[in-house]
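All of these numbers come straight from a predicted model, not from anything done at the bench.
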Amino acid sequence: MPCQKIETGHQDVVHDVVMDYYGKRLATASSDATIKIIGVSNSGSQHLATLSGHQGPVWQVAWAHPKFGSVLASCSYDGKVIIWKEGNQNEWTQSHVFNEHKSSVNSISWAPHELGLSLACGSSDGNISVFTARVDGSWETTRIDQAHPVGVTSVSWAPATAPGALVGSGLLEPVQKLVSGGCDNTVKVWKLYNGSWKMDCFLLFICTLTG
C-alpha cells in the first residue's frame, strides 16, 4: 500500500497533530489559528471540519476519551483553552471557553478517563489549571499557582491505577498525579491531596542485602 501524504489545508505551521481513539480522524493545530479535523482511511484522507475560535497560533489539541462523546480541547497563544463538542456528524461547536490564563497556554492533557472529564493546562504565566466537568454541565477549577514561575511548557497525567499495577484493583482510590516541565529547566510532579495540588514526595526504600 503506498504511503499517504495528508494535505491539511492549513496556511501556516502545523504545531500538533493527534489521532482519535479509533484511529479514524486526525485533529491538527496550526499557527493560522485554526484546527482541522481530517478523516483518514486506507483509501485516503478527507477534510471534515475547520474549527475557528482562537485569535493566535494553536499549539496543541487533545481528544477526550470517547466515553465522554466526541470532545476535543485546544490551547493557544491567545491564552484561551477551548472545549469543542461534535453534535451532528462533523458539526463542531464551542462547548466551553476558559480564559483563566493571562498569557499563552502551551500544553494541555486530558486525565485518564477513570478520573472523569478533566483537563490540565500549562501556561506561560507560570500557572497550571485543572478543569473538571461536573454532572450539571459546569466546570470546577483547581490551580497550581506559579508551578514554574517563568512559564510552563508541558503537562502530562500519570496513569490513574496504582503504581506498578497493569490494571486497576478497584480497591484503591485512583491516583491523581501530574508532571510538568517549565522554562526554569525543571520537571515537577504534583499530586492532589484533599482537593489541593502539592508537589509529590517520593519515598526511597533502601534495601540491605545480608549474606
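One finds a salt bridge joining Asp145 and Arg143 here, because a Lys/Arg side-chain nitrogen approaches an Asp/Glu carboxylate oxygen to under 4.0 Å.
Criterion: ILVMFWY side-chain heavy atoms under 4.5 Å apart, direct or through other members. Under it, Ile37 and Val40 are not part of a common hydrophobic cluster. Cluster membership for Tyr22 and Leu72, using ILVMFWY side-chain heavy atoms within less than 4.5 angstrom, is not shared. At a threshold of 4.5 Å between side-chain heavy atoms, the hydrophobic network of Ile, Leu, Val, Met, Phe, Trp and Tyr places Trp92 and Val97 in one connected group. Both Ile6 and Val17 sit in one connected hydrophobic cluster of ILVMFWY residues. Membership requires side-chain heavy atoms under 4.5 Å apart, directly or through other members. Leu48 and Val18 fall within the same hydrophobic cluster, where Ile, Leu, Val, Met, Phe, Trp and Tyr residues are linked whenever their side-chain heavy atoms come under 4.5 Å apart, directly or through other members.
Taking a 6.0 Å sphere around NZ of Lys67, one finds it holds more than 12 heavy atoms contributed by other residues, nucleotides or ligands. The neighbour count for Phe68 CZ, taken as heavy atoms of other residues, nucleotides or ligands under 6.0 Å away, is above 12. In Asn194, the CG atom is not crowded: 12 or fewer heavy atoms of neighbouring residues, nucleotides or ligands sit closer than 6.0 Å. Summarising the local packing, NZ of Lys188 is surrounded by more than 12 heavy atoms from other residues, nucleotides or ligands at distances under 6.0 Å.
Ser45 places no side-chain N or O within donor-acceptor distance of the main-chain N or O of Gly39, the cut-off being under 3.5 Å. Side-chain N or O atoms of Gln11 include one that pairs as donor or acceptor with a backbone N or O of Gly9 at under 3.5 Å. Between the His47 side chain and the Ala49 main chain, a donor and an acceptor come within less than 3.5 Å of each other. Checking side-chain atoms of Asn127 against main-chain N and O of Gln146 turns up a donor-acceptor pair under 3.5 Å.
Residues Glu100 and Phe131 are in side-chain contact: their nearest non-hydrogen atoms beyond the backbone lie under 4.5 Å apart. When side chains are defined from C-beta on, Val130 counts as touching Trp157, because their heavy atoms get closer than 4.5 Å. At least one side-chain heavy atom of Asp184 sits less than 4.5 Å from a side-chain heavy atom of Pro149. Side-chain contact check for Val179 versus Val187: some heavy-atom pair is nearer than 4.5 Å. Asn106 has its side chain out of reach of Cys75: every pair of non-hydrogen atoms, C-beta onward, lies at least 4.5 Å apart. For the pair Thr34/Leu51, no side-chain contact is recorded, criterion being any heavy-atom separation below 4.5 Å from C-beta on. The closest side-chain heavy-atom distance from Ser95 to Trp84 is not below 4.5 Å.
Between the side chains of Thr132 and Ser118, at least one donor-acceptor pair of N or O atoms lies under 3.5 Å. Side chain to side chain, Ser180 and Trp190 meet the donor-acceptor criterion of an N or O pair below 3.5 Å. For the 3.5 Å distance criterion, the side chains of Ser31 and His15 qualify, holding a donor opposite an acceptor. Side-chain contact annotation: His101 with Ser104, donor-acceptor N/O pair under 3.5 Å absent. Thr142 and Trp197 form a side-chain donor-acceptor contact under 3.5 Å, judged by distance and modelled atom types alone.
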| query | After noting the C-alpha distance and the side-chain angles of Tyr77 and Val105, does the key distance pass the side chain to side chain contact (heavy atoms under 4.5 Å, CB included) rule? | reply | CA-CA 6 Å; Tyr77 179 80; Val105 180; over 6 Å; no
Side chain to side chain contact (heavy atoms under 4.5 Å, CB included), that's the test. Do Ile83 and Leu119 meet it? Break it down for me.
CA-CA 10 Å; Ile83 307 296; Leu119 184 73; 3.9 Å; yes
Item checked: Evaluation steps, side chain to side chain contact (heavy atoms under 4.5 Å, CB included), between Met199 and Val189 -> CA-CA 6 Å; Met199 284 190 66; Val189 179; over 6 Å; no
Practice item. For side chain to side chain contact (heavy atoms under 4.5 Å, CB included), just list the numbers for Gln55 and Lys80, CA-CA rounded to whole Å, side-chain angles, deciding distance to a tenth of an Å, and then say yes or no. Key: CA-CA 9 Å; Gln55 282 75 53; Lys80 292 194 296 187; 2.8 Å; yes
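Screening residues 18-44 for salt bridge (Lys or Arg N to Asp or Glu O under 4.0 Å) gives Asp20-Arg25, Arg25-Glu86 as the qualifying pairs, with residues at least two apart or on separate chains.
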Ignoring hydrogens and angles, write down the donor-acceptor pairs under 3.5 Å from the side chains of residues 107-115, residues two or more places apart or on other chains.
| from | atom 1 | to | atom 2 | distance (Å) |
| --- | --- | --- | --- | --- |
| Ser107 | OG | Gln60 | OE1 | 3.4 |
| Ser107 | OG | Val155 | N | 3.1 |
| Trp110 | NE1 | Ala62 | O | 3.0 |

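Nearest approach of Ser123 to Ser103, heavy atoms of both residues: OG-O, 3.3 Å. Of all non-hydrogen atoms in Gln94 and Ile82, the two that sit nearest each other are CG-CG2, 3.8 Å. Between Leu192 and Gly195 the shortest heavy-atom distance is CD1-C, 3.6 Å. Among all heavy-atom pairs drawn from Ala27 and Val61, the shortest one is O-CG2, 3.6 Å. When every heavy atom of Val58 is checked against every heavy atom of Ala33, the shortest pair comes out as CG2-C, 3.8 Å.
In this structure, Lys177 NZ and Lys191 NZ are separated by 5.0 Å, a value rounded to the nearest 0.5 Å. Taking NE2 of His148 as the reference point, atom OG of Ser154 lies at 9.0 Å (rounded to 0.5 Å). In this structure, Leu26 CG and Ile38 CD1 are separated by 6.0 Å, a value rounded to the nearest 0.5 Å. With rounding to the nearest 0.5 angstrom, the OG atom of Ser70 is 11.5 Å from the CG atom of Asn88. The CH2 atom of Trp59 sits 7.5 Å away from the OG atom of Ser76 when rounded to the nearest 0.5 Å.
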